[in-house]
Structure formats: structure tokens, C-alpha cells
Amino acid sequence: MTVRRIALSVGAVLSLLILLLAVAGGGSDAPTSTLLGQRVPLVTGETLEGDDYDIDRSRGRWVVVNFFATWCPPCIAEHPDLVALEQIGAENGQIDVVANVFNDSPENVAEFFAENGGSWPVLSDPAVAVEFQIRRVPESFLVDPFGVVRVHYTGGVTTDQILADIETLS
Amino acid sequence: MKGSSPSARLGLWIAILVASVSMLSIATFDDRGPETTEERVQRLSDSFACPECDGQAVSESNAAVAATIRALIRDRVAEGMTDVEIRDELIRGYSSDVLLNPPSEGISALVWILPVVFVVFGVGGWVAAVRRSGGGSRTATDTDRKLVADARVVAVDEEPE
């Protein structure tokens, strides 16, 4: 009888532990980024056009770090807004745009930019995507003039949205 | 096992021991030569989970994030980074969810501990059951002898004339 009681107790404890494990494993789909409020990770390297890029050279300006692919419809949809944003940044000297390709070929990207406009630096570095915890595109980050990540955008951006965020955070 | 002779039991234990040692030796000394770069990339891709796919290995997934991780692994292997350095970089990006084998610390350690607990209790229960059924070698005590003697007296008394 005592053995049976011990076995039942052990079984109950183990069941509770398994339940605890199952519950602890959930909730990993949250789209929040742990980078918010942190110093921006390194974004350096050779662009697809062969130039050297370093995000630290944009210190003092807002930077939109965009992750995209030419096969992704929301990325195609947000592109005109990024082109407009680049134009505004060129005029006021306060906003830079940089992009990192997500699983796409340099040829496709060159063709895409030739067709749709935009002349911001584009990197193709999987390490940058991993560092920014990118799971699917498009995703973008707004980095403030001090190099701190302030906003995380998923599913595409608009010019108005980014300008409004910059105004709010300035 | 109950009722088998001690020599048969000894033979069985020796057979189990020989089989275990043989398997461990094969696993330890299996010499297939040094791992190639491609084999290492494949092995690492097999050991990481695609963050967007339920439990699928990076090597098996068609998701863009899996392709990105494969590209990173290939780059890092080419740069001469160690497995641990590559693993740490991926964990920094996607947390320990990116590991197909759960880590042996924190709440995830239960995945490793629970089977051991089950085995320990299982073996303990089995030993207790064998002991209770009298499978172990036991010498008769005075109480046992008295019980048997009393039973025999009763049996003789009740024997029909």
C-alpha cells in the first residue's frame, strides 16, 4: 500500500513537471524585438554595388534598417514609401535608409532597384539578418541619431508612419 | 529468469556485457576520416531548428529564415568558426528555441532529467517487485522453520486414517 502511495505521489509530481515544461515552452511567437532600446547591432560590410558601408557613419541621423526580398509582395508594396523616405532624407539630411537582402540573389535585387527606384546601400549578409532576429520579411527598424533601436516594424512600412514616429521620438 | 540456473543467468549477463562493450567500442572508434566542410555544414544545419517552422531542422526547411541560417552557417564554417561560436551567434539571434536539442539548464533541463527519474524509479520498482516475489537468495529463519514445522504437524493430524 505504501509503495502504491509513493508511486502515485511520484507520478503526480512528474505530471506537474511535464505540464510546467509544456506551458513554459509556449508564447515564443510574440513579434516583439529584444533590440528595442538597445544599441543597434553592427551593420557593416560591402554593399551589392561594391561600396563599404558602416551604420555608425550615420550617427546624428535617423536610420531605417530594412530587411526585404524581391519575391515578397509586402516588400514590393512598401518600396515606393522607402523611395519617398530616401528623397526626404536627401533633402533634410536627417534620415538614411539601408537595406539587407533576405534570401535573394544580388541579380534580382539590382533588377528590382533598376525598375522601382531607390539608391540606398543594400547589403546581403545573413549575419545581419540573424543579429536583427529576422524571421520573415519585410521587417524594418528605426534607429535614432544616437544609434539606439527605437521602433520595430513588421509587415511593411509607410513614409507617414516613419515620419510620425521620428517626430514623436525627437 | 525465474527458475533458470545460476550458470544460465551468468551467461546472459556476460552476453549483455559483451554486446554493450561492442556497441560502445564501435561508436567510440568508428573512423570515417576527418569531417569535410560540407559534412560539417550539413551536421550543423541538422542540429538547429528553423525558427518559423514547428520543430523542423534548418536543413529540411524551405523557409527563407532557414535558408538564411544555412547561409550563415556556411559563411561561418568557411571563416573557421567553432561549432560553439556558431551556436552562440544563432542563440543570440533566435534564443535557445533555435536548438533542436533542448539546453541542459533551466526548465528545459527537465527534458533530460525526467527520463533518468523514470528509469531510476522503474528499476527501483522492478527490484522491489523481485524481492517481494522471493526471487532473491534468502535463508530460512527460525520463524520460517517454526511455521513449516507447525504446518506439518497440522497436516499430519488432519491426515485421514
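Since this is a predicted model, take the numbers as computed values, not measurements. Quick note: numbers below take in every heavy atom, side chains included, and nothing from hydrogens, waters or symmetry partners. Labels below follow one simple rule: chain letters A, B, ... track the order of the sequence lines, proteins then strands, and each chain is numbered from 1.
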Enclosure of A:E49 CD (heavy-atom neighbours >12, cutoff 6.0 Å): no
Under the ring pair (Phe, Tyr, Trp, His ring centres under 6.0 Å) test, residues paired with A:W120 that sit two or more places apart: A:H79, A:F113
With the side chain counted from C-beta on, respond yes when B:D75 and A:P126 share a heavy-atom pair under 4.5 Å apart, and no when they do not. yes
Cluster question for you: counting only ILVMFWY and a side-chain heavy-atom cut-off of under 4.5 Å, with indirect links fine, are A:V63 and A:L169 together? no
What parts of residues 88-95 of chain B touch chain A if we use heavy atoms and a cut-off under 4.5 Å? B:E89, B:L90, B:R92, B:G93, B:Y94
As an exercise, state the distance from OG1 of B:T68 to CG of A:D125, rounded to the nearest 0.5 Å. 10.5 Å
Using non-hydrogen atoms only, which part of B:R70 is less than 4.5 Å away from chain A: side chain, backbone, both, or neither? neither
Taking atom CG of B:D142 as the centre, report whether more than 12 heavy atoms of other residues, nucleotides or ligands fall under 6.0 Å from it. no
Looking only at heavy atoms, what is the nearest atom pair of A:R135 and B:P51, with distance? NH1-O, 3.0 Å
Enclosure of B:E79 CD (heavy-atom neighbours >12, cutoff 6.0 Å): yes
Is A:V65 reachable from A:V122 through a run of hydrophobic residues whose side-chain heavy atoms are each under 4.5 Å from the next? no
Applying the 4.5 Å side-chain criterion to the ILVMFWY set and letting contacts propagate, would A:V137 and A:L48 be lumped into a single cluster? no
Value rounded to 0.5 Å, distance of CG in A:N103 from CD1 in B:I69: 11.0 Å
Hphob cluster co-occupancy, A:V64 + A:V101, side-chain heavy atoms under 4.5 angstrom: yes
